2 protein chains.
Amino acid sequence: MSKNIFIFVKNKNMLSQAEENYLKAIYSLESDLAKAISTNLIAKKMQTKASSVTDMIKKLSDKELVNYKKYQGVQLSEEGKKIAISIVRKHRLWECFLVDKLNFSWDEVHDIAEQLEHIQSETLVDNLDAFLEFPSHDPHGDPIPDKNGYMYKRKKVALSTLNPQDETVLLGVKDSSDAFLKYLNKKNIAIGNTIKVQSIELFDKSMEITINNHLISITNQVAENLMVKELEFKY
Amino acid sequence: MSKNIFIFVKNKNMLSQAEENYLKAIYSLESDLAKAISTNLIAKKMQTKASSVTDMIKKLSDKELVNYKKYQGVQLSEEGKKIAISIVRKHRLWECFLVDKLNFSWDEVHDIAEQLEHIQSETLVDNLDAFLEFPSHDPHGDPIPDKNGYMYKRKKVALSTLNPQDETVLLGVKDSSDAFLKYLNKKNIAIGNTIKVQSIELFDKSMEITINNHLISITNQVAENLMVKELEFKY
DNA sequence: TTTAATTTTTAGACATGTCTAAAAATATTT
DNA sequence: AAATATTTTTAGACATGTCTAAAAATTAAA
């Protein structure tokens, strides 16, 4: 009986969507930068104003989800990081669901997963995970944290760092903007594809590559945003 | 390019979760009562105060989703009804998904579906519908509107209206409270089960029924909340 | 190292959705 | 039909999350 009440009375510990989105943004910036994250950076990432960020940071700091000193930026606390990872987990699992089960393509799923990641139910996530047979990576090649927050971080390098004749596999993208994903879609480039570098143009660093035995030319900008399996060296 | 902008700039026509919930509540009350719905009724249904309802009704009225005259209650407009039905459709499809694919039982899915029904994406709903192979009814026996809002309304009667020796099928429940569903779960009573009335006690109208060849006794209150296929008469 | 530029924070405002308490309208009694 | 009870609305307040404009702190430049 008392169990039902807890479902309907808004849980004090429950975070709003806005709070969750901030945690996720800070987490993503931390992964890239590994230092205290500035107000402006978060504002840019969240497409909002610095003053709004300051307000929210104070709230998150009160809840001890971030460590914050005025003018010195923020870092996630242990608890904050745990929550951020759980949101990333949900986001990536839902992306798998949308692509694998509902026939979406990888450039269509982000906005929907952005909404689904805020659904509150631990059981739901765990059951979804099982239903998808515990995928280790999402359709963009990003690792999916398990129930405990652990994930396989594959070593990836930009395709632009390889040399002619090198052969590798596309593991993910650096830029996951809609425009870039749509470009890849049009060119039939997808995660898991085998890529062989055929030649590199000296003056603009554009590349000729074969992808699935299909020869195409890509600019250096594209090559810098295609993350591939690092080469294994044989001695 | 401009397409992306529309995704992120909040669409003027997009309704908030609160607005959607009000429309759904009014729709559900209208189905039961078929007349203008009073402020107090909505307040009770939404577990909120009459003054909050008035505020929201004004907003929905401005958007022409309900017809409202002060002190005279509300009725959904055509547009409002369309939206309400689309939310019901989403709710029931998600319930199917949770039970059929994620192994939830029918008494666990309501709160989660309540959240999922607000996810904004027409394609998502349609793809989900196809993935579930266009179910006509949800796990509680309620009809699922199709893409155009049409649904099969089965004629149902309360089990309490039947007589000894009558045989029928459980199609749904009237009371879908957590407590009642959990009771049914415990007694192994589920949608689709064949029910035969064995005897009815005169003084308290309690019933002995066989359900799946299993004899159990139920109170009149339970029988009034079990909705079954109406009897076919043979001439 | 003082000045200038940038970043961050504060102060005050606004929109949404809620509430309480009081006023207004409708419904029910007598 | 007047008095009473109930329902509905209004008025004013509050919480959340956002914004603009101005002040404060930090960083960069001369």
Side-chain angles (χ1 to χ4, degrees), chain A residues 8-26 29 33 35-63 65-75 80 83 87 114-115 117-118 120, chain B residues 5 8-26 29 33 35-75 80 83 87 114-115 117-118 120:
Chain A
F8 292 101
V9 170
K10 194 169 176 177
N11 189 329
K12 272 279 171 192
N13 299 319
M14 213 169 83
L15 300 182
S16 69
Q17 261 184 237
E19 289 170 320
E20 289 193 347
N21 284 332
Y22 274 95
L23 290 179
K24 196 178 56 149
I26 298 167
L29 291 167
L33 283 78
K35 55 171 182 180
I37 303 304
S38 78
T39 305
N40 254 1
L41 252 181
I42 299 171
K44 198 170 291 169
K45 181 114 191 165
M46 302 281 301
Q47 311 225 67
T48 184
K49 295 295 146 72
S51 56
S52 309
V53 174
T54 302
D55 289 345
M56 180 57 91
I57 279 173
K58 279 191 207 155
K59 234 178 99 181
L60 295 174
S61 180
D62 288 347
K63 295 190 180 188
L65 299 173
V66 298
N67 300 116
Y68 168 59
K69 268 193 233 139
K70 267 195 191 179
Y71 294 98
Q72 304 308 137
V74 281
Q75 281 187 301
I83 294 170
I87 298 162
E114 203 90 303
Q115 298 178 63
E117 74 192 10
H118 299 293
Q120 302 282 355
Chain B
I5 292 166
F8 291 101
V9 170
K10 195 170 176 179
N11 190 330
K12 272 276 172 195
N13 299 318
M14 215 169 85
L15 300 181
S16 70
Q17 262 185 236
E19 288 171 319
E20 290 193 347
N21 283 334
Y22 274 95
L23 290 179
K24 197 179 56 150
I26 298 167
L29 291 167
L33 283 80
K35 56 171 181 178
I37 304 303
S38 79
T39 304
N40 253 0
L41 252 180
I42 299 171
K44 197 169 294 171
K45 181 114 192 163
M46 302 280 303
Q47 311 224 68
T48 183
K49 295 294 146 73
S51 56
S52 308
V53 174
T54 303
D55 289 344
M56 180 56 92
I57 279 172
K58 278 191 207 154
K59 232 178 101 181
L60 294 174
S61 180
D62 289 345
K63 296 191 180 186
E64 299 186 68
L65 299 174
V66 298
N67 300 115
Y68 168 60
K69 268 194 232 137
K70 266 193 190 181
Y71 295 98
Q72 302 310 133
V74 281
Q75 279 186 302
I83 294 171
I87 298 162
E114 203 90 305
Q115 299 178 64
E117 74 191 10
H118 299 294
Q120 302 282 354

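In what follows, every heavy atom counts, from backbone to side chain, and hydrogens, waters and symmetry copies are set aside. Note on naming: letters A, B, ... go to the chains in the order of the sequence lines (proteins, then strands), and numbering restarts at 1 for each one. What you are looking at is a predicted structure, and each value in this text was computed from that prediction instead of being measured.
Scanning all heavy atoms of the two residues, the minimum distance from Val66(B) to Ile26(B) falls at CG1-CD1, 4.1 Å. Contact detail for Ser61(B) and Tyr68(B): the closest heavy-atom pair is OG-CB, 3.9 Å.
The nucleotide whose nearest atom lies closest to any side-chain atom of Lys58(B) is, among dT10(D), dT18(C), dT9(C), dT10(D). Comparing atom distances between the Ser38(B) side chain and each of dC19(C), dT9(C), dT8(D) picks out dT8(D) as nearest. Of all nucleotides listed (dC19(C), dT10(D), dT18(D)), dC19(C) comes nearest to the side chain of Ser52(B). With dT26(C), dT18(C), dC19(C) as the candidates, the nucleotide lying closest to the side chain of Gln72(B) is dT26(C). The side chain of Lys49(A) sits closest to dT20(D) out of dT18(D), dT20(D), dT18(C).
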If you look only at distance, which donor and acceptor atoms sit under 3.5 Å apart when one is on a side chain in residues 18-25 of chain A and the other is two or more places apart or in another chain?
{"from": "Glu19(A)", "atom 1": "OE1", "to": "Ser16(A)", "atom 2": "N", "distance (Å)": "2.7"}
{"from": "Glu19(A)", "atom 1": "OE1", "to": "Ser16(A)", "atom 2": "OG", "distance (Å)": "3.4"}
{"from": "Glu19(A)", "atom 1": "OE1", "to": "Lys63(A)", "atom 2": "NZ", "distance (Å)": "3.4"}
{"from": "Glu19(A)", "atom 1": "OE2", "to": "Lys59(A)", "atom 2": "NZ", "distance (Å)": "3.4"}
{"from": "Glu19(A)", "atom 1": "OE2", "to": "Lys63(A)", "atom 2": "NZ", "distance (Å)": "2.8"}
{"from": "Glu20(A)", "atom 1": "OE1", "to": "His118(A)", "atom 2": "ND1", "distance (Å)": "2.6"}
{"from": "Glu20(A)", "atom 1": "OE2", "to": "Gln120(A)", "atom 2": "NE2", "distance (Å)": "3.2"}
{"from": "Asn21(A)", "atom 1": "OD1", "to": "His118(A)", "atom 2": "NE2", "distance (Å)": "2.9"}
{"from": "Asn21(A)", "atom 1": "ND2", "to": "Gln17(A)", "atom 2": "O", "distance (Å)": "3.3"}
{"from": "Lys24(A)", "atom 1": "NZ", "to": "Glu114(A)", "atom 2": "OE1", "distance (Å)": "2.8"}
{"from": "Lys24(A)", "atom 1": "NZ", "to": "Glu117(A)", "atom 2": "OE1", "distance (Å)": "3.3"}
{"from": "Lys24(A)", "atom 1": "NZ", "to": "Glu117(A)", "atom 2": "OE2", "distance (Å)": "2.9"}

Tabulate protein N/O versus nucleotide N/O from nucleotides 21-24 of chain D, keeping only pairs under 3.5 Å, one per line.
none

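In this structure, Ile37(B) atom CD1 and dT7(D) atom C1' are separated by 15 Å, rounded to whole Å. When the C1' atom of dT10(C) is taken as reference, atom CE of Met56(A) falls 17 Å away, rounded to whole Å. Per the geometry, CE belonging to Met46(A) stands 10 Å off P belonging to dC19(D), to the nearest Å. As rounded to whole Å, 13 Å separates atom C1' of dT16(C) from atom CD of Gln17(B). When the C1' atom of dT16(C) is taken as reference, atom CG of Leu15(B) falls 14 Å away, rounded to whole Å. Leu41(B) places its CG atom 12 Å from the C1' atom of dT7(D), with the value rounded to the nearest Å. The interatomic distance linking Tyr22(B) (OH) with dT16(C) (C1') rounds to 12 Å, in whole Å. The nearest whole Å value for the distance from the CD1 atom in Ile42(B) to the C1' atom in dT7(D) is 13 Å.
Between Tyr68(A) and dT8(C) there is no side-chain polar atom (N or O) within less than 4.0 angstrom of OP1 or OP2. The phosphate of dT9(C) (OP1 or OP2) has a side-chain N or O of Thr54(A) nearer than 4.0 angstrom. Contact check, Asn40(B) against dT6(D): no side-chain N or O comes under 4.0 Å of OP1 or OP2.
With hydrogens and angles disregarded, a donor-acceptor distance shorter than 3.5 Å links the side chain of Thr54(B) to the backbone of Ala50(B).
Backbone-only engagement by Thr39(B) is indicated by non-hydrogen atom pairs under 4.0 Å involving sugar-phosphate atoms exclusively.
Considering Thr39(A), Ile57(A), Leu65(A), Leu60(A) as possible partners of Val74(A), the one that fulfils the side-chain contact (heavy atoms from CB on, under 4.5 Å) test is Ile57(A).
With values rounded to the nearest 0.5 angstrom, Ser52(B) atom OG is found 12.0 Å from Ile42(B) atom CD1. For the atom pair Lys45(A) NZ and Ile37(A) CD1, the distance stands at 9.5 Å (nearest 0.5 Å).
Residues that satisfy the side-chain contact (heavy atoms from CB on, under 4.5 Å) test with Asn67(B), not counting sequence neighbours, are Ser77(B).
Two residues, Ile57(B) and Asp55(A), neighbour DNA chain D, and the one matched to the more 5' nucleotide by heavy-atom proximity is Ile57(B).
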